[in-house]
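Every chain is numbered from 1 and lettered A, B, ... according to where its sequence line falls, protein lines coming before strand lines. The figures here come from the full heavy-atom set of this structure, side chains too, leaving out hydrogens, waters and symmetry mates.
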2 protein chains.
Amino acid sequence: MVKKSLETATADLVQAIGLLVRRVRAAGGVQEVSWSQTSVMKRIAASGPATIADLARAESVKPQSMGTTVAALEEMGFVERKPHPTDGRQMMIELTPKGAAELKRTVDAKRAWLLHAISQLDASDQQTLFAAEEIIRRLAERDAV
Amino acid sequence: MVKKSLETATADLVQAIGLLVRRVRAAGGVQEVSWSQTSVMKRIAASGPATIADLARAESVKPQSMGTTVAALEEMGFVERKPHPTDGRQMMIELTPKGAAELKRTVDAKRAWLLHAISQLDASDQQTLFAAEEIIRRLAERDAV
DNA sequence: TATTGTTATACTCTATAACTATA
DNA sequence: TATAGTTATAGAGTATAACAATA
């Protein structure tokens, strides 16, 4: 096979990711917690309470969008807003015990299909996939403003 | 490092993909052609004219959603609807020369950031990423109805 | 009856703009 | 002035429901 150009390979990667995202969505049915919401909960669980602005930067969305995401999580009782101890403008977003429990059910119905599909890959493919995960994460965090 | 469970690794992969998708979107600014639209054009370019129903199945969306996507591409002059030769119900979606030209500009402004980021990875990381692309594509095509 | 496609409507995620409160 | 957050509004992408035309 002729080696793809970097441009072609990148375009193919973007397409493949889009296909997988839609495939997972199609398999998901009604979702209690969205990808964005889960990502925020995972982040708070890993790094501790954070402000809306911090979360927005980390997740590459605008603060207004993160406000919506956090409000939805708050509505479900998965996070709480606490006033910042010294800066009256900021709100610290904390994970509630209910949110931590929700997060523990790491793979919810939405991701059951993907888990099953990955579990049927051979060990080598799984290894490649999870090695790529680390690279994808590094790319996503590149130049995060 | 302790080996992650498959559940944890899958959840981390989902999060990483979500982060990258948002990161690319944030870098993109105004986009002429969306991920979904590009994916459809790539598919027609690779496999030839297809019906709305075929495209919907392949892209894991509902026919109504694919109708919207195709209508947008048609509006931009990138695809054309042709009546099916024998089945009066079906419409064959074909790529126009304008669409093919658009597709050749494989990496548009939206993906320039990603191309640049990937170009700065070392060769080994690039290889892992593109090996994963093939696996991701296989996953996405699994059980496609 | 089953399939293809269209139209109408709604929901999720994110964006921009305009505002208030605090630093 | 600059930053953190909120409220209002809009757009893209997808979904469900109801329908018409054809097989």
* To do: With sequence neighbours left out, write down each residue that passes side-chain contact (heavy atoms from CB on, under 4.5 Å) with A:Ser65, or none if nothing qualifies.
  => A:Val61, A:Lys62
* Base, sugar-phosphate, or nothing: which does B:Thr69 touch, judged by heavy atoms less than 4.0 Å apart? -> sugar-phosphate
* Asked: Got a sec, which residues hit side-chain hydrogen bond (donor to acceptor under 3.5 Å, both in side chains) with A:Thr128, two or more places apart in sequence or on another chain?
  -> none
* Within less than 4.0 Å of OP1 or OP2 of D:dG13, is there a side-chain N or O belonging to B:Ser34? -> yes
* Asked: side-chain hydrogen bond (donor to acceptor under 3.5 Å, both in side chains) with B:Glu134: which residues, sequence neighbours excluded?
  -> B:Arg138
* To the nearest 0.5 Å, tell me how far A:Leu13 CG sits from B:Leu129 CG. => 5.0 Å
* To do: Using a 4.0 Å cut-off on protein heavy atoms (strictly under), produce a 5'-to-3' string for nucleotides 16-23 of chain D with B for base contact, S for backbone-only sugar-phosphate contact, and - for none.
  => BB----BS
* Answer yes or no: does a side-chain N or O of A:Arg57 lie under 4.0 Å from OP1 or OP2 of D:dT3? => no
* Check the distance between C:dC13's C1' and A:Trp35's CH2 and give it to me in whole angstrom. => 13 Å
* Asked: Who pairs with A:Lys98 by salt bridge (Lys or Arg N to Asp or Glu O under 4.0 Å), at least two apart in sequence or on another chain?
  -> none
* Just call it for A:Thr51: base, sugar-phosphate, or nothing, with non-hydrogen atoms closer than 4.0 Å on any strand. => sugar-phosphate
* **Contact under 4.0 Å: B:Arg22 side-chain N or O vs C:dC13 OP1/OP2** => no
* **Spacing between A:Ile93 atom CD1 and D:dA4 atom P, to the nearest angstrom** => 13 Å
* Pick base, sugar-phosphate or nothing for B:Glu59, based on heavy-atom distances below 4.0 Å to the nucleic acid. => nothing
* Taking only N and O in the side chain of A:Gln90, is any of them less than 4.0 Å away from OP1 or OP2 of C:dA23? -> no
* Check whether any side-chain N or O of B:Ser36 sits under 4.0 Å from OP1 or OP2 of D:dT14, and answer yes or no. => yes
* Nearest-Å distance, CE (A:Met91) to C1' (D:dT6)? -> 11 Å
* Interatomic distance, A:Leu19 CG vs D:dT14 P [rounded to whole Å] -> 11 Å
* **Separation of D:dG13 C1' from B:Leu55 CG (nearest whole Å)** => 16 Å
* To do: For a salt bridge (Lys or Arg N to Asp or Glu O under 4.0 Å) with A:Asp12, tell me which candidate from B:Arg43, B:Arg111, B:Lys42 qualifies.
  => B:Lys42
* To do: Using atom CZ of A:Arg25 as one end and atom P of D:dG13 as the other, report the distance to the nearest whole Å.
  => 11 Å
* Asked: To the nearest Å, how far apart are B:Leu73 CG and D:dG13 C1'?
  -> 13 Å
* Asked: B:Met66 CE to C:dT7 P: how many Å, rounded?
  -> 17 Å
* Please name all residues satisfying salt bridge (Lys or Arg N to Asp or Glu O under 4.0 Å) with A:Lys82, sequence neighbours left out, ordered by chain then number. => A:Glu80, A:Glu94
